[in-house]
Amino acid sequence: MDLLNAFIVLANFVLVPAISYGSQLALGALGVTLIYGILRFSNFAHGDTMAFGAMCTILVTWLLQSWGLSLGPLPTALLALPFGILGCVALLLLTDRLVYRFYRAQKAKPVILVIVSMGVMFILNGLVRFVIGTSDQDFTDGERFIISARDFKTLTGLDEGLAIRTTQGITVVTAVVVVAALFWFLNRTRTGKSMRAYSDNEDLALLSGINPERVVLYSWVIVGALATIAGVLYGLDKGFSPFTYFQLLLPIFASAILGGLGNPLGAIAGGFVVAFSEVTITYAWKKVLTYALPEDLAPDSLVQLLSTDYKFAVSFVILIIVLLFRPTGLFQGKSL
Amino acid sequence: MSETLRNTALFALAAGLIVLTGMFQSWNTALQIVNMGLVSAVMALGVNLQWGFAGLFNVGVVGFVALGGLATVLVAAQPVPEAWAAGGLRVFAGLALGAASITAAALAFRYLRGGVARALAMLVILFGGFFAFRAVFDPGVAAIEAVNPATSGFLGGLGLPVILAWPVGGLLAAGAAWIIGKSALGLRSDYLAIATLGIAEIIIAILKNEDWLSRGVKNVIGLPRPVPYEIDLQRDAEFVSRAEGYGMDPVLASTLYVKLAYAGLFAVVLVILLWMAQRALHSPWGRMMRAIRDNEVAAEAMGKDVTRRHLQVFILGSAVCGIAGAMMTTLDGQLTPGTYNPLRFTFLVWVMVIVGGSGNNFGAVLGGFLIWFLWIQVEPMGLWLMQLLTSGMAEGSALKSHLIDSAAHMRLLTMGVIMLLMLRFAPRGLIPEK
């Protein structure tokens, strides 16, 4: 029974990756939930918006790297991030002007907007593949580990090592900073309050003199920033490939719906719940149990509940359970 | 111009484009376009049933099509006796255990009083059931996959005539649609979209990973077909003499004959489904469904169980997509789970429905043929266009080669732009709903 080693293995293979993945999902789900709250439709193009933002950042990163600029131990992509955000926001404002504004003026049914967003998704997907190609792109540079497994073992003298990658650390720090900034904006500034008012009750907000086009503009800007940051963090951590962002749609929507569509706090909570569920259910617990249990109870098989091929089945089952038992989500969604 | 004349002209345009392909490229290509166009028309008919009758947005078409393909394997492939002996019973016992535990949990939910005790009971049933299922199921799967993994490694099918697979595909898809519909209908339309997106991913993941069922990514080849093989026709003296009597090369004649035979079969299925859909449209049931779609609140006030009606239509539409999936796998003669790509199926079928005319069955069929034709022809046209655009650039320039390589991705972009343009400027499609 070696609980300390068991905990280190757990932390290394479950806790740290789940926290990192949960932050990425939380940022993605925040974007989806904001669009739902203010523009009142589920944006199927969000995954490919993240891909587009990440693509812009990658292109600028390559440019900076070719000029020899770097950020020392941190990835150069962080320097390129503001430009990626600018590119993504420009694209979102363009699609809003060209595509969504027409249906908003017509007060079209939400399902029409979802179909239109599906069309936008495929255009964005084609655009990203057209510009950057279909192969994986590795744009991480800088120091790879905050603490590597070997250093940890020498520091503590334990058998098992805990490795924390720089990208994972950056993900958590960035997520905390972004979420704090977002909540400060929504709660403490007039614009944020007007956005919340518009989301809560559109007619009363208009009666109070709030400019709806301004609210929509600010929400697209925020969503563009959130999507780019989420996309870049995911790409830094797990590598960039245009196809993976479409598949991220399911966990992101599962997180948003679990937390309650329209509720930012719910999106964050949902993101972490989905991430932890995915990681714990597809993890092979044999090593942890071998350390934690007495000798004769140690398991022979891998003790893996679901194979990693069925990662997305976990988000799907969570989604179905939420839809069956509590469709409004954990935090009573549909209001900012 | 009267409406019938306009619609006939549109269909004639589609036919004309295919004839032009035959004349300028090859008749085999044209007939291949016709066959896949017929399959796509059936898919579009199914999606149109859900969208036009009930306003349901199904983003998981590819999953139902894949289930149709699986049905073809399960019905028509030859059974593998060693695999059945090695693990068949265990696998089915395991599946039965899993289904029993889910049913037990559902019954516990229905019959126990709400509270912590009920939630705990359900958790215990589900967890216990899951572990029991894995304990029985996994060894069976390992045994089956160990039998001749290079050439089979799966259970095989029932060895029945392949035409039977088509309705069975519809039934399988209907089953999956029932599960999704029960969970996600009656809520916001966005939830149904996300749930169908999820089920499609799960179904494709199952097809790709459960080797004992579908050989996964090793693919099932050599599925029987309902029409003769070209090679048998070429060996048949009577066929050869008839072909030479027409002045045709027997090889060409055999390929054309086989494709025409498929086209005939598919056309029969399409006509039957179209006739049924049209009868449904003009029936009291159809009028009720569209009335529910147009004003759900009033329908509920009149006492209509909207969720049940939506479930009916959702199941029917998905069953039609399953039939199309079985037809497609029969045409290919193999099941390749890797080709079930949401972009290629779900998205394309939606473009067909929207461009052809949502809410109109003939519109869906027209959309099926036109968009399929465009999908096939955009690739060579896109390449030609890109070469024209880059002809001014220097040979071997990186930009030029990148642009030409990326011409393949123009397909999706073009389809997306077409769909958005139709939604914006002609949302009712080419043949609008009456």
Gap separating the [atom1] atom of [X] from the [atom2] atom of [Y], nearest 0.5 angstrom:
X: A/Leu250; Y: B/Ile202; atom1: CG; atom2: CD1; answer: 7.0 Å
X: B/Ile179; Y: A/Ile320; atom1: CD1; atom2: CD1; answer: 9.0 Å
X: A/Ile123; Y: B/Thr414; atom1: CD1; atom2: OG1; answer: 9.5 Å
X: A/Lys311; Y: B/Glu201; atom1: NZ; atom2: CD; answer: 11.0 Å
X: B/Arg411; Y: A/Arg129; atom1: CZ; atom2: CZ; answer: 10.0 Å
X: A/Leu124; Y: B/Leu412; atom1: CG; atom2: CG; answer: 11.5 Å

Locate the shortest heavy-atom distance separating [X] from [Y]; write the atom from each residue and the value.
X: A/Tyr103; Y: B/Leu420; result: OH-O, 4.5 Å
X: A/Phe246; Y: B/Pro342; result: CE2-CG, 3.8 Å
X: B/Arg134; Y: A/Gln304; result: NH2-O, 3.5 Å
X: A/Leu127; Y: B/Leu413; result: N-CD1, 3.3 Å

Under 4.5 Å from any heavy atom of chain B - which part of [X]:
X: A/Leu305; answer: both
X: A/Gln106; answer: neither
X: A/Leu323; answer: both
X: A/Val120; answer: both
X: A/Ile115; answer: both
X: A/Phe102; answer: side chain
X: A/Phe130; answer: both

| task | Sort out for me which of B/Leu197, B/Val59, B/Ile199, B/Val417 touches chain A most, counting heavy-atom pairs under 4.5 Å. | result |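 Sorted descending by pairs with chain A, the first entry is B/Ile199.
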| What residue among A/Tyr36, A/Phe253, A/Phe44 forms side-chain contact (heavy atoms from CB on, under 4.5 Å) with B/Asp190? | A/Tyr36
| said: Check the orientation of B/Phe347 and A/Phe122. Use parallel for under 30°, tilted for 30 to 60°, and perpendicular for over 60°. | reply: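 Rings of B/Phe347 and A/Phe122: parallel, as their planes differ by under 30°.
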| said: Just so I know, are the side chains of A/Phe243 and B/Asn341 near enough to count as touching, which here means a heavy-atom distance under 4.5 Å? | reply: no
| task | Go through the atoms of B/Leu192 and report whether side chain, backbone, both or neither lie under 4.5 Å from a heavy atom of chain A. | result | neither
| Is the backbone of A/Val99 close enough, under 3.5 Å, to the side chain of B/Arg424 for a donor and an acceptor to pair up by distance? | no
| message | Within a 6.0 Å radius of atom CZ on A/Arg97, are there more than 12 heavy atoms belonging to other residues, nucleotides or ligands? | response | no
| query | Is it true that atom NZ of B/Lys182 has more than 12 heavy atoms of other residues, nucleotides or ligands lying nearer than 6.0 Å? | reply | no
